[in-house]
2 protein chains.
Amino acid sequence: MCAEADRQTGRSWTDVAEAAFRRNGQRMTQPRKAVMGVLAVASQPLKAEEIRRRAGLAETDLVTVYRNLEALREHNLLQGIVLEDGVQLFEAVRPDRHFHHIVCRRCHRAEPLEICTGHELEERAAALGFTNVSHVIEVFGLCRKCHAGRDSGQWGGAS
Amino acid sequence: MCAEADRQTGRSWTDVAEAAFRRNGQRMTQPRKAVMGVLAVASQPLKAEEIRRRAGLAETDLVTVYRNLEALREHNLLQGIVLEDGVQLFEAVRPDRHFHHIVCRRCHRAEPLEICTGHELEERAAALGFTNVSHVIEVFGLCRKCHAGRDSGQWGGAS
DNA sequence: TTTCCTGCAAAATGTTTGCAAGGCA
DNA sequence: TGCCTTGCAAACATTTTGCAGGAAA
């Protein structure tokens, strides 16, 4: 799919995304460019609100941000993760990278964990008759900075 | 059934939960008993609304259900999973069982996947300086019944 | 009779939808 | 000039909070 082009042509994620939009007769507006710019350089998954902030779109409605995120997702250029409390974070999809994150449950800072153990689970799921299988693997914890003074939490322990 | 019994004492999850409440000076009310009864026999994680329905608490406010779920969680007797769309499902915690689920993204039916590959990830996270580490691993797909006529979905594929 | 629990109302959050006006191509 | 996008308002679903009255122990 479109994201594959990246590996073959060496084009940046932004270029690939822009091409996908144009191919579909969709337009490159200022808010869309700004959102893409943020996602292109983000080193971690971000909340919609944070994307707007980094994009310098304080004047822009959050609705517009969501609509652009949704548009990117439809082109398979964006993926989301859901935190323990239901909040969504978004990040650019790059074909040459698949990994999961350790996310600080206090400050939401994320670091990549460059291993993926999902295939076993997916195989098992397929054996149970499930199709269109995907997996979510996220690890939560407290980063060093946030470690000070906090109880173990209701989700802790059950690993 | 035997699987419900606490490994050491032979007490059922319900008994353990009731003891935990009484130990804390908390009371066994009718809504609380009903919620616990549902969780004790549920074979899969359930939404708050579904718990109320199964508990026969149509007259009871959902707020009460949430408060009881929260109370159970504080005793480490309940755990939740978050679906791709942010909705929470709840299930009883049993000390002798740790596994993840394959959840149908249409009908929310879940089946256990009796393997857990989270420890590697947690070790890695700990090495990065994170504490209080826990993990969320969920696999989503379409069960056989729901497989008919449905597009691949915005989250699909990116395994 | 204490104080925990419930119901009701309302708020908080995060996200989506409808519609008319605005602006890329 | 088309019609894709935006802004605004409002709807939405889920979950949380405040407060007064009701009920376990």
Side-chain angles (χ1 to χ4, degrees), chain A residues 17-37 45-53 55-75 78-90 103 105 108 153-155, chain B residues 17-37 45-53 55-75 78-90 105-106 108 153-155:
Chain A
E18 188 164 335
F21 280 122
R22 295 200 191 284
R23 189 184 325 127
N24 275 58
Q26 292 171 292
R27 293 159 191 182
M28 292 310 299
T29 61
Q30 194 263 327
R32 178 164 293 169
K33 281 185 213 164
V35 165
M36 285 168 49
L46 302 172
K47 292 181 60 168
E49 173 66 55
E50 174 68 8
I51 290 170
R52 173 169 73 173
R53 198 185 64 70
L57 295 174
E59 305 295 90
T60 301
D61 202 300
L62 245 196
V63 172
T64 297
V65 176
Y66 277 110
R67 282 195 270 231
N68 279 303
L69 293 174
E70 181 56 29
L72 285 164
R73 186 136 72 188
E74 282 168 359
H75 288 302
L78 187 76
Q79 64 191 216
I81 68 174
V82 180
L83 302 183
E84 289 163 319
D85 60 0
V87 172
Q88 273 195 80
L89 306 183
F90 303 89
V103 184
R105 59 166 70 86
H108 289 180
Q154 52 216 11
W155 299 80
Chain B
E18 189 165 335
F21 279 122
R22 296 201 190 281
R23 190 185 322 127
N24 274 59
Q26 293 172 291
R27 296 161 189 177
M28 294 308 301
T29 62
Q30 192 264 325
R32 179 164 292 169
K33 281 185 214 164
V35 165
M36 285 167 51
L46 302 172
K47 292 180 60 169
E49 173 64 55
E50 174 68 7
I51 291 170
R52 173 170 70 172
R53 198 186 64 70
L57 296 174
E59 305 296 89
T60 301
D61 202 299
L62 245 195
V63 172
T64 297
V65 175
Y66 277 109
R67 282 195 272 229
N68 279 302
L69 292 173
E70 181 56 28
L72 285 163
R73 186 138 69 190
E74 282 169 357
H75 287 303
L78 187 76
Q79 63 190 215
I81 67 176
V82 180
L83 302 182
E84 288 164 321
D85 61 0
V87 172
Q88 274 193 82
L89 305 184
F90 303 89
R105 59 166 69 85
R106 185 192 270 179
H108 290 180
Q154 54 213 12
W155 297 81

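So you know, we letter chains A, B, ... as the sequences are listed, proteins then strands, and number each from 1. Heavy-atom basis, side chains included; hydrogens, waters and symmetry copies ignored.
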Just how far, in rounded Å, is C1' of D:dT6 from CZ of A:Arg52? 14 Å
Residue-phosphate contact under 4.0 Å: A:Gln88 side-chain N/O, C:dT15 OP1/OP2: yes
Where is the tightest heavy-atom contact between A:Ala71 and A:Arg32, given as atom of each residue plus distance? CB-NH2, 4.3 Å
Grab the CD-C1' distance between A:Glu50 and C:dG14 for me, whole Å please. 16 Å
Just to confirm, is there a sub-4.0 Å distance from OP1 or OP2 of D:dT6 to any side-chain nitrogen or oxygen of A:Asn68? yes
How long is the gap from CD on B:Gln88 to NZ on B:Lys47, to the nearest 0.5 Å? 11.0 Å
Separation of A:Glu59 atom CD from D:dG7 atom P, in whole Å? 10 Å
What nucleotide among C:dG14, D:dG7, C:dT6 has an atom nearest to a side-chain atom of A:Val87? C:dG14
Inspect the contact between B:Arg67 and B:Glu70 and indicate whether a charged nitrogen and a carboxylate oxygen are less than 4.0 angstrom apart. no
Are any of the side-chain heavy atoms of A:Asn24 and A:His75 separated by less than 4.5 Å? yes
Would you list the protein and nucleotides 18-21 of chain D atom pairs, both N or O, that sit under 3.5 Å from each other?
unit_1: D:dG18; atom_1: O6; unit_2: B:Arg67; atom_2: NH1; d: 3.4

For A:Pro31 and A:Leu57, which heavy atoms make the closest approach, and how far apart are they? O-CD1, 3.9 Å
Measure the distance from CG on B:Asp85 to P on C:dT15 and round it to the nearest whole Å. 11 Å
B:His75 has an atom NE2; how far is it from atom P of C:dC4, in whole Å? 12 Å
Does a side-chain heavy-atom distance below 4.5 Å link B:Leu89 with B:Leu83? yes
Student check: side-chain heavy atoms of A:Val65 and A:Asn68 closer than 4.5 Å: no
Whole angstroms only, please: what is the CG-C1' distance between A:Leu69 and D:dT6? 15 Å
When rounded to the nearest 0.5 angstrom, what distance separates CZ in A:Arg27 from NZ in A:Lys33? 13.5 Å
Check this for me, if you would: do A:Arg53 and A:Glu49 make a salt bridge, where the nitrogen-to-carboxylate-oxygen distance has to be below 4.0 angstrom? no
Please tabulate the protein-to-nucleotide N/O contacts below 3.5 Å involving nucleotides 22-25 of chain D, giving atom names and distances.
unit_1: D:dA24; atom_1: N3; unit_2: B:Arg27; atom_2: NH1; d: 3.0
unit_1: D:dA25; atom_1: OP1; unit_2: B:Arg22; atom_2: NH1; d: 3.1
unit_1: D:dA25; atom_1: OP1; unit_2: B:Met28; atom_2: N; d: 3.3

Does B:Thr64 have a side-chain nitrogen or oxygen under 4.0 Å from the phosphate oxygens OP1 or OP2 of C:dG7? yes
Is B:Gly25 touching bases, backbone alone, or none of the nucleic acid, heavy atoms closer than 4.0 Å? sugar-phosphate
In whole angstrom, what separates A:Arg32's CZ from D:dG7's C1'? 15 Å
Could you tell me the separation between the CG atom of B:Leu62 and the P atom of C:dA11, rounded to a whole number of Å? 19 Å
